[in-house]
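To keep things clear, I will list the structure first and then write my remarks on it.
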Number of protein chains: 2
Amino acid sequence: MKTLRLTSSDRAILLNARFFSRLPRTAIEAIVEGATVSTHETHDTLFRQDDPLDDVLVVLSGLVRLYRLGKDGREADVAVFPRGELIGVNAIFLDRRATANAQAAEPSIIARLEGAKLRRLAAEDTAVAQALLELLCHHGKLAEDCLAEDRLLTAPQRVANYILSHCPNGSESFSFRLPFQKSVLAGKLGLAPEALSRAFSTLRQSGVVVKGRVIEIRDRQALEQF
Amino acid sequence: MKTLRLTSSDRAILLNARFFSRLPRTAIEAIVEGATVSTHETHDTLFRQDDPLDDVLVVLSGLVRLYRLGKDGREADVAVFPRGELIGVNAIFLDRRATANAQAAEPSIIARLEGAKLRRLAAEDTAVAQALLELLCHHGKLAEDCLAEDRLLTAPQRVANYILSHCPNGSESFSFRLPFQKSVLAGKLGLAPEALSRAFSTLRQSGVVVKGRVIEIRDRQALEQF
DNA sequence: GTCTTAAATTGACCCGTATCAAACAACTTC
DNA sequence: GAAGTTGTTTGATACGGGTCAATTTAAGAC
């Protein structure tokens with residue numbers, strides 16, 4: 001289901017997104033003008049691997065999972081995009097085809113920006129180009145982190161890392177709520193859901209208490225040295 | 001060992017690099033002006049994780065391996081850069097610190113471009129910004145490929161993939177020479193050298209013959225379905 | 001060419017995690 | 001609130017690949 005224009009609340013969310021927050025108002029208006037919005041249920045597919053794709057998607061609310069399919073049908077997540085993230089920037093500067101499948105991991109509202117317009121603006125306005133450069137560098141770093149984690153850490157270590165990345169620095173004990181389902185976290189960390197579950201129970205002996213989506217940390221140091 | 005200026009042959013190599021080939025001569029001159037060159041032996045370290053780094057390195061010849069260290073001292077390659085590649089673009093647009101260690105994987109000649117200048121040029125010249133955007137998108141895609149491979153494919157499948165990526169399309173049988181040591185290939189594919197060796201011997205039954213650095217493929221179809 | 005050192009291979013073993021199956025818990029929907 | 005659906009946990013098992021050690025092979029040095 002599509003609506004032609006962004007509502008004012010959609011607009012407000014966009015303005016808060018990291019990508020847009022660095023840009024002058026006029027640039028934002030130029031980018032957003034003509035954008036369309038769509039709503040999606042959990043498990044809806046937004047686009048498929050190898051599909052022609054000349055749009056950038058912005059997650060206004062909800063969550064989008066980007067994954068590739070193996071020959072045998074197995075899925076491997078390559079990224080998970082929360083509210084405010086841009087999806088498909090790579091594609092519009094390369095061959096304008098999706099490199100992976102995208103699906104909503106929960107009920108989501110998605111804005112679509114035209115790739116052609118973004119390319120034009122990037123070529124005309126160095127502020128836009130600059131913002132894109134920073135975005136891509138950030139994504140690059142995240143991808144590097146992810147690859148290194150996969151190759152260096154065991155499942156409990158990856159989970160400990162993830163938990164610590166949510167720790168307000170300085171505090172020794174804290175708790176937070178997972179921003180999505182555990183199965184999504186498992187995918188993001190490159191694990192089967194069962195392995196995530198087992199990792200949590202391994203971490204119990206290091207002071208991690210899991211109650212539903214809420215995670216409580218009693219001893220940060222124990223986690224750090226895991 | 002450093003030389004202050006690029007030789008004319010260094011310059012020629014730069015002009016052939018994918019990044020520079022899209023740029024007008026004037027832009028290239030502006031970027032390259034003031035660059036320094038250094039030569040390195042195998043295993044020399046170019047920079048270390050978390051070091052301040054406000055340069056972009058260009059591999060003029062040789063090979064550079066980018067890797068992260070685990071707590072236990074294990075190394076995980078995050079990228080391997082052959083001649084013509086740029087290293088450290090992410091860093092100059094983020095916090096100007098290295099996100100990984102870089103070491104020469106064979107005797108190498110490296111050019112250093114100043115990050116500050118590159119940033120300035122990217123902000124002034126949209127052609128430079130454009131070239132950087134395309135470069136980063138390409139790197140992003142490669143990183144995504146790598147992550148997906150790690151998560152979806154077994155060791156023999158990754159090796160088969162690598163071999164096929166060197167197959168001149170259309171040909172049913174062919175052979176080529178590995179552009180670097182097998183241990184480097186192993187790291188690039190996220191494998192221990194032993195695992196690479198075993199993968200090769202598994203692929204022998206699919207018509208892959210390995211003689212030193214030369215790889216011969218007798219039956220492409222068998223490889224593709226592996 | 002021979003000597004020396006580094007790289008690659010092979011075997012034995014073990015650890016980590018995927019997979020399958022089943023029990024359980026938590027939401028929906030009516 | 002009951003019934004069905006979906007998500008999570010637990011156990012048993014199998015497989016892939018890492019690690020260590022011992023050879024074999026290849027590559028540099030003289």
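A note on names: the letters A, B, ... follow the listed sequences, proteins ahead of strands, and every chain is numbered from 1.
- Per the geometry, CD belonging to B:Gln157 stands 14 Å off C1' belonging to D:dG17, to the nearest Å.
- Counting to the nearest Å, the P atom of C:dT17 and the CZ atom of B:Arg151 are 13 Å from each other.
- Side chain of B:Leu191, nearest nucleotide from D:dG18, C:dT17, C:dT9: D:dG18.
- The distance between atom CG of B:Asp72 and atom C1' of D:dG18, rounded to the nearest whole Å, is 12 Å.
- A close approach under 4.0 Å does occur between a side-chain nitrogen or oxygen of A:Arg74 and OP1 or OP2 of C:dT19.
- In terms of phosphate contacts, A:Ser201 brings no side-chain nitrogen or oxygen within less than 4.0 Å of OP1 or OP2 of D:dT9.
- Taking atom CZ of residue B:Phe180 and atom C1' of nucleotide C:dA7, one finds them 15 Å apart after rounding to whole Å.
- One interatomic measurement links the two molecules: CG of B:Leu196 to C1' of D:dG16, which rounds to 15 Å at whole-angstrom precision.
- Using a 4.5 Å heavy-atom threshold, the side chains of A:Phe176 and A:Ile217 count as touching.
- Atom CD of A:Glu106 is separated from atom P of C:dT28 by 12 Å (rounded to the nearest Å).
- Of the candidates D:dG17, D:dT10, C:dG16, D:dT10 carries the atom nearest the A:Ser197 side chain, counting heavy atoms from C-beta on.
- The two atoms that bring A:Asp77 and A:Gly187 nearest to each other are CB-O, 3.5 Å, heavy atoms only.
- The A:Arg158 side chain lies nearest to C:dT17 when the options are C:dT17, D:dG18, C:dT10.
- Between A:Lys182 and D:dT9 there is a side-chain polar atom (N or O) within less than 4.0 angstrom of OP1 or OP2.
- Residue A:Arg198 places a side-chain atom within donor-acceptor reach of the base of C:dT19, judged by atom type and a 3.5 Å distance cut-off alone.
- Side-chain proximity of A:Gln181 to the nucleotides D:dG17, C:dT17, D:dT8 is greatest for D:dT8.
- A:Ser108 contributes no side-chain N or O that, together with a main-chain N or O of A:Ala104, makes up a donor-acceptor pair within less than 3.5 Å.
- Remark: C1' of C:dT17 and CG of A:Leu153 are 15 Å apart, rounded to the nearest angstrom.
- When distances are taken from the side chain of B:Glu194 to each of D:dT10, C:dT9, C:dT17, the shortest belongs to C:dT9.
- Of the N and O atoms on the side chains of A:Thr45 and A:Gln103, not one donor lies less than 3.5 Å from an acceptor on the other residue.
- The pair B:Glu216-B:Arg218 meets the salt-bridge criterion, with a side-chain N (NZ, NE, NH1 or NH2) lying under 4.0 Å from an Asp/Glu carboxylate O.
- We find that CZ of B:Arg177 is positioned 11 Å from C1' of D:dA27, with the value rounded to whole Å.
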